[in-house]
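Note sheet for the following structure.
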There are 2 protein chains.
Amino acid sequence: MPSDLQPPAARATVREVGLRDGLQSIATVVPTAHKIEWISAAYAAGQREIEVGSFVPARLLPQLADTAEVLAHAKNLPGLVASVLVPNIKGAERALEQGADLMIVPLSASRAHSLANLRKTPDEVVAEVARIRALRDASGRRTLIEGGVGTAFGCTLQGEVAESEVLRLMVALLDAGADRVSLADTVGFADPASVARLFEKARALVGDRLACAHFHDTRGMGLANVYAAWQAGITRFDACLAGIGGCPHAPGASGNVTTEDLVFMLERMGVATGIDVTALLALRQRVAGWLSGETLHGTLWQAGLPQNAAPAALRLAATA
Amino acid sequence: MPSDLQPPAARATVREVGLRDGLQSIATVVPTAHKIEWISAAYAAGQREIEVGSFVPARLLPQLADTAEVLAHAKNLPGLVASVLVPNIKGAERALEQGADLMIVPLSASRAHSLANLRKTPDEVVAEVARIRALRDASGRRTLIEGGVGTAFGCTLQGEVAESEVLRLMVALLDAGADRVSLADTVGFADPASVARLFEKARALVGDRLACAHFHDTRGMGLANVYAAWQAGITRFDACLAGIGGCPHAPGASGNVTTEDLVFMLERMGVATGIDVTALLALRQRVAGWLSGETLHGTLWQAGLPQNAAPAALRLAATA
């Protein structure tokens with residue numbers, strides 16, 4: 001951490017993305033009622049930001065076909081920021097109609113990955129964000145727009161993705177009208193040193209408009225990368241309960257950073273999340289029941305909370 | 001990282017402790033021939049520091065009863081630093097007789113843990129180190145003495161362990177004649193913030209005589225803790241191939257930091273280890289065959305090296 005930065009924050013937000021990034025990657029289709037139960041329990045545990053689904057055609061992602069219904073439930077929970085992923089202006093139209101609090105527009109900094117997954121070049125996605133911004137402004141809705149820059153640390157198709165290109169696209173998204181941006185290690189290539197380097201440069205360019213970090217735990221570095229980003233001033237992190245999500249290129253390998261492990265690490269570090277980790281562990285058990293047969297991840301559920309733990313963890317247990 | 005410290009080092013040593021800390025915690029007794037094969041392959045992969053066993057009574061740890069024979073093999077490998085754990089002066093006598101390069105004397109900063117596991121108070125262990133030092137000096141041998149301060153981040157029996165007590169015992173070990181010391185999170189209670197705090201204080205007190213960090217991955221923070229210690233100036237880390245070792249208090253939970261994952265992270269960060277991670281992955285597969293039925297850990301063996309990876313990882317693959 002360069003000495004000219006502020007000391008890292010004492011509070012952080014863990015955004016649950018299991019209902020979108022997690023569920024879209026696994027075969028099991030979770031019934032709407034269970035998704036609603038998940039959101040209610042996560043809210044009761046203290047989570048205040050949840051990505052509830054994605055407005056993509058149901059034939060592409062049948063697991064998320066009920067996003068409008070799930071979003072309608074989430075909107076009933078006071079103070080919950082309910083976000084959805086929207087890949088294009090059609091998705092944005094639905095997000096605005098349904099009154100999402102936040103829409104996340106994915107961009108892949110890897111041109112090869114962008115063409116393969118989004119069928120657009122990165123700059124065509126930037127142009128789409130400009131159209132989405134115009135649509136939002138015309139709608140009178142207050143739905144925020146977050147541009148999510150994926151494959152920010154490399155790409156399985158293209159290999160290296162230049163830092164300068166990641167930073168250029170991040171700034172271009174803001175210039176096109178995104179309210180804020182995030183950086184994602186879509187395929188698990190990041191390490192703490194590359195995270196420190198890129199996030200420090202990105203923060204120097206756009207400050208707090210860089211609003212979130214999204215890491216995968218593919219090669220065991222998820223929490224180390226969170227720590228490096230937190231040192232660089234990031235205070236919002238995506239995570240999936242039970243680490244669901246997987247890695248499409250390595251069957252059985254870990255996917256997203258595990259929510260309950262991340263909350264435990266932050267609380268243990270003295271960084272308040274407002275989330276009761278004991279309640280999360282109970283929710284994990286319920287979700288694991290719905291996902292029987294799927295590969296789950298995480299360590300805390302197995303190791304348990306520390307026995308005779310130091311004060312920080314004792315406080316966690318006491319709030320259960 | 002406080003701005004008055006040097007930038008973290010560009011080289012680090014990964015010390016293999018799987019043959020001692022790993023094997024002592026699992027039921028399978030690995031035959032001597034396999035241990036010798038393991039050491040030779042680890043050496044061929046570039047590992048230059050290996051803890052080969054423990055001089056404790058064979059009835060207590062039958063898995064390590066062949067330590068003298070395994071050490072004799074290790075001593076044939078030029079430039080390999082072969083260490084053994086010695087719990088007391090009897091063990092030290094054997095380590096000196098057999099010509100170990102380094103003997104590691106464990107001390108538990110938790111009084112409760114010390115009494116339960118070592119049947120001595122921490123200060124009685126310090127006194128034993130003074131006797132071991134006198135014995136070493138009288139022997140004419142050059143075997144180094146490392147005092148390993150365990151439960152440095154808390155204890156399942158006692159709960160909190162005061163930082164001041166950890167630091168006091170660390171200095172006392174050096175004053176008693178240890179050539180160097182290490183700090184160990186024996187039960188997986190550390191987090192990156194507590195690691196940064198304790199290692200910075202410890203380094204300020206004793207500098208490079210704090211020679212190693214030993215972390216467990218019990219709650220998924222092993223690599224994050226390594227990163228925090230590396231930022232504080234530590235350049236030697238203990239690890240176990242395939243993450244063997246387990247946690248005695250949580251069956252199935254992860255044990256030590258996984259060697260191959262740690263080497264990959266460091267190399268990816270641009271920190272040279274001298275170790276060929278592809279060769280380690282091949283060795284892991286062989287060791288996994290010997291440990292059939294045991295719970296193994298780690299992520300890299302499953303996710304694989306990155307495809308189309310960035311330059312650092314490409315170099316790793318090219319050395320295979």
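Note: hydrogens, waters and symmetry copies are ignored here, and every other heavy atom, side chains too, is used. Every chain is numbered from 1, with letters handed out A, B, ... down the list of sequences.
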Largest heavy-atom contact set with chain A, pairs under 4.5 Å, which of G220(B), P192(B), G154(B), A190(B): P192(B)
Contact summary for A193(A) and Y227(B), nearest pair of heavy atoms: N-CE1, 4.3 Å
Would you compute the distance between atom [atom1] of [X] and atom [atom2] of [Y] and round it to the nearest 0.5 angstrom?
X: N225(A); Y: M265(B); atom1: CG; atom2: CE; answer: 9.0 Å
X: H297(A); Y: T299(B); atom1: NE2; atom2: OG1; answer: 10.5 Å
X: L223(B); Y: L223(A); atom1: CG; atom2: CG; answer: 9.0 Å
X: M269(B); Y: R197(A); atom1: CE; atom2: CZ; answer: 10.0 Å
X: Q302(A); Y: T295(B); atom1: CD; atom2: OG1; answer: 7.5 Å

Check against side-chain contact (heavy atoms from CB on, under 4.5 Å), F264(B) and M221(A): CA-CA 10 Å; F264(B) 179 72; M221(A) 287 182 250; 3.6 Å; yes
Crowding at CZ, R236(A) (>12 non-hydrogen neighbours, <6.0 Å): yes
More than 12 heavy atoms from other groups under 6.0 Å of CZ on R168(A): yes
From CA spacing to verdict: side-chain contact (heavy atoms from CB on, under 4.5 Å), R268(B), F189(A): CA-CA 9 Å; R268(B) 187 91 178 163; F189(A) 275 27; 3.4 Å; yes
Structural part of A196(A) lying under 4.5 Å from a heavy atom of chain B: side chain
